[in-house]
> 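Submitted below is the structure of interest, expressed as structure tokens.
Chain A is the first sequence line, chain B the second, and so forth, proteins listed ahead of strands; every chain is numbered from 1.
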Amino acid sequence: MRLATWNVNSVKARLPRLLDWLAGTGPDVVCLQETKCPDGSFPADEVGELGYAVASHSDGRWNGVAVLSRIGLTDVAVGFPGEPGFPQPEARAIAATCAGTRVWSIYVPNGRTPDSPHYRYKLDWFAGLRDALATELGGGAPLAVCGDFNVAPTDADVWDPSLFAESTHVTPAERQALADLRDLGLVDVVPTPMKGPHPYTYWDYRAGMFHQNKGMRIDLVYATPSLADGVRSAYVDREARKGKGPSDHAPIVIDVEPAGAA
DNA sequence: ATGCCGGATGTTATCCGA
């Protein structure tokens, strides 16, 4: 199975690039974040022509997550029980089963600044996610939580940690929230960078950050050992960050063999 | 070259992102 995750920063603005990328990369399952499309406006017909079924969760101007699959898409769950809101619940999580693998696409709240109510919301959201995953993991199926976690796991995952001294994405509490997910038994599937030593997945649009490779690793795949043990390759597709009209995030592409395969 | 912010709404400004 080829599994991918990509924060597209508007599926409408990115549609031509998304379709080209799907056709060229051929993922079986794709998690999307920041689709930014109102309910019912996801371009399901266009991706359907490439063989993908779509499960989408939207709330209008911002946020929005989806799962695309060409190997089956069942048991779709939108959000999760007890999901915190700001103040209303937002479209930040969707899950589906694809050929026996449980796949979550998540878009964690940004947090804005550490003294913002949005930061407390971010931590509460992580705690709710952890509880929801703990329930699902009891089932024992291979599972992957894919998406924009909006936390750099270590200082090596930020191009200049000193610039983030007073910022979100690197605070101990946010990194503890990631550790709490790993404590459920989930494994960080770290992709290979296509350039440089760091598997960054995000580069700000401004000031030539991409061409200077000043990025962050904030898009993650957390998988059960039953899935992670089958991973044969994982890479950041930085080619998708180049050229005209890219998202500010690059996709992660993972090839995984089913449990029990040679 | 990968190149100096972009997408959304709809306020031709403002919010959001990390």
Side-chain angles (χ1 to χ4, degrees), chain A residues 6-18 20-21 32-43 56 58-66 85-88 90-92 106-123 125-126 147-175 177-178 193-220 235-251:
Chain A
W6 193 8
N7 180 325
V8 289
N9 187 16
S10 171
V11 71
K12 180 183 176 186
R14 216 65 57 215
L15 187 59
R17 289 187 67 124
L18 174 63
D20 284 350
W21 182 83
L32 300 178
Q33 301 86 37
E34 287 207 78
T35 54
K36 293 186 175 177
C37 60
D39 241 355
S41 70
F42 191 97
S56 172
S58 307
D59 63 17
R61 297 176 68 173
W62 293 303
N63 313 312
V65 285
F86 194 73
Q88 303 304 318
E90 299 174 313
R92 296 185 176 276
I106 67 166
Y107 175 51
V108 177
N110 172 290
R112 298 179 187 165
T113 60
D115 59 356
S116 162
H118 209 260
Y119 179 79
R120 171 41 54 187
Y121 169 46
K122 181 178 193 173
L123 297 178
W125 199 90
F126 265 123
D148 181 351
F149 285 58
N150 266 322
V151 180
T154 72
D155 281 353
D157 296 311
V158 179
W159 83 94
D160 184 351
S162 70
L163 296 176
F164 284 79
E166 305 298 326
S167 302
T168 58
H169 294 65
V170 301
T171 65
E174 290 167 282
R175 287 174 171 168
L178 295 184
M194 288 168 63
K195 178 184 175 183
H198 304 292
Y200 298 145
T201 62
Y202 163 85
W203 302 260
D204 198 292
Y205 284 122
R206 288 166 284 194
M209 299 291 268
F210 178 65
H211 84 273
Q212 298 174 68
N213 200 25
K214 293 180 176 177
M216 304 173 75
R217 183 169 86 99
I218 54 174
D219 298 272
L220 307 175
Y235 70 96
V236 180
D237 184 4
R238 68 189 304 284
E239 295 297 315
R241 180 63 178 77
K242 298 180 180 179
K244 181 177 173 56
S247 170
D248 43 3
H249 296 250

> In whole Å, what separates the C1' atom of B:dC4 from that of B:dA8?
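It works out to 23 Å between them.
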> OP1 or OP2 of B:dA18 sitting under 4.0 Å from any side-chain N/O of A:Y107?
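Yes, such a contact exists.
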> Could you check how far CD of A:E34 sits from C1' of B:dC5, rounded to whole Å?
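Taking atom C1' of B:dC5 as the reference, CD of A:E34 is at 14 Å.
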> Under 4.0 Å, heavy atoms only, any strand: does A:M209 hit a base, just the sugar-phosphate, or nothing?
nothing
> Under a plain distance cut-off of 3.5 Å, with no hydrogens placed, do A:N110 and A:N150 share a side-chain donor-acceptor pair?
no
> Please give, in whole Å, the distance from B:dT2 P to A:D237 CG?
14 Å
> Counting side-chain heavy atoms from C-beta on, which of B:dA18, B:dT2, B:dG6 comes nearest to A:H249?
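Selected nucleotide: B:dA18.
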> Using a distance-only criterion (donor-acceptor N/O pair, under 3.5 Å, no hydrogens), is the base of B:dA18 paired with the side chain of A:N110?
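Between B:dA18 and A:N110, which were checked side chain against base, a qualifying N/O pair under 3.5 Å is present.
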> In whole Å, measure the gap between the P atoms of B:dT11 and B:dG6 for me.
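Their P atoms lie roughly 24 Å apart.
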> Can you pull out every salt bridge (charged side-chain N to carboxylate O under 4.0 Å, His left out) where at least one residue sits in residues 6-18 of chain A? Sequence neighbours excluded, please.
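The answer is none; no pair qualifies.
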> Protein-nucleotides 9-15 of chain B N/O pairs closer than 3.5 Å?
{"from": "B:dT9", "atom 1": "O4'", "to": "A:R61", "atom 2": "NE", "distance (Å)": "3.4"}

> Using whole Å, what does the distance between atom C1' of nucleotide B:dT2 and atom CZ of A:R206 come to?
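It is 18 Å, rounded to the nearest whole Å.
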> Quick one: A:D204 CG to B:dG7 C1', roughly how many Å, whole number?
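That distance rounds to 13 Å.
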> Can you tell which of B:dT2, B:dG17, B:dG7 lies closest to the side chain of A:S10?
B:dG7
> Determine whether the aromatic ring centres of A:F164 and A:W159 lie less than 6.0 Å apart.
yes
> Once you round it to whole Å, what is the distance between C1' of B:dG6 and CG of A:N7?
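Computing the A:N7:CG to B:dG6:C1' distance gives 13 Å.
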> I'd like to know if A:D155 pairs up with A:R175 as an ion pair, taking the criterion as any Lys NZ or Arg NE/NH1/NH2 lying under 4.0 Å from an Asp or Glu carboxylate oxygen.
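A salt bridge links A:D155 with A:R175.
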> At under 4.0 Å between heavy atoms, what does A:E239 touch on the DNA or RNA strands: base, sugar-phosphate, or nothing?
nothing
> Using a 4.0 Å heavy-atom cut-off across all strands, classify A:D219 as base, sugar-phosphate, or nothing.
nothing
> Provide the distance between the two P atoms, one in B:dG10 and one in B:dC5, to the nearest whole Å.
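So the two P atoms sit 26 Å from each other.
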> Can you figure out which of B:dG7, B:dG17, B:dA18 approaches the side chain of A:I218 most closely?
B:dA18
> Does the side chain of A:R92 reach to within under 4.5 Å of the side chain of A:I106, using non-hydrogen atoms?
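Not in contact.
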> Regarding A:Y107 and A:T35, do their side chains bring together a donor and an acceptor under 3.5 Å, going by distance alone?
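Side chains of A:Y107 and A:T35: no pair found under 3.5 Å.
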> B:dA18 P sits how many Å from A:R241 CZ, rounded?
12 Å
> Could you check whether the rings of A:W203 and A:F210 sit parallel, tilted or perpendicular, using 30° and 60° as the cut-offs?
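Judged by the thresholds at 30° and 60°, the geometry between A:W203 and A:F210 is perpendicular.
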> A:Y202 near the nucleic acid: base, sugar-phosphate alone, or nothing, with a heavy-atom cut-off under 4.0 Å?
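Contact class for A:Y202: sugar-phosphate only.
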> Between B:dA18, B:dT2, B:dG17, which nucleotide has the shortest distance from any of its atoms to the side chain of A:R238?
B:dT2
> Just to confirm, is there a sub-4.0 Å distance from OP1 or OP2 of B:dA18 to any side-chain nitrogen or oxygen of A:N150?
yes
> A:F149 near the nucleic acid: base, sugar-phosphate alone, or nothing, with a heavy-atom cut-off under 4.0 Å?
nothing
> Return the nearest nucleotide to the side chain of A:A13; candidates are B:dA18, B:dG7, B:dT2.
B:dG7
> Among side-chain atoms of A:E34 and A:N7, is any donor-acceptor pair under 3.5 angstrom?
yes
> If you measure from the P atom in B:dG7 to the same atom in B:dA18, how many Å do you get, rounded?
15 Å
> What is the distance, rounded to the nearest whole Å, between atom CG of A:D59 and atom P of B:dC16?
13 Å
> Can you check the A:D148 CG to B:dG7 P distance for me, whole Å?
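Atom CG in A:D148 sits about 17 Å away from atom P in B:dG7.
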> For this output row, return yes or no: ring centroids of A:F86 and A:H118 closer than 6.0 angstrom.
yes
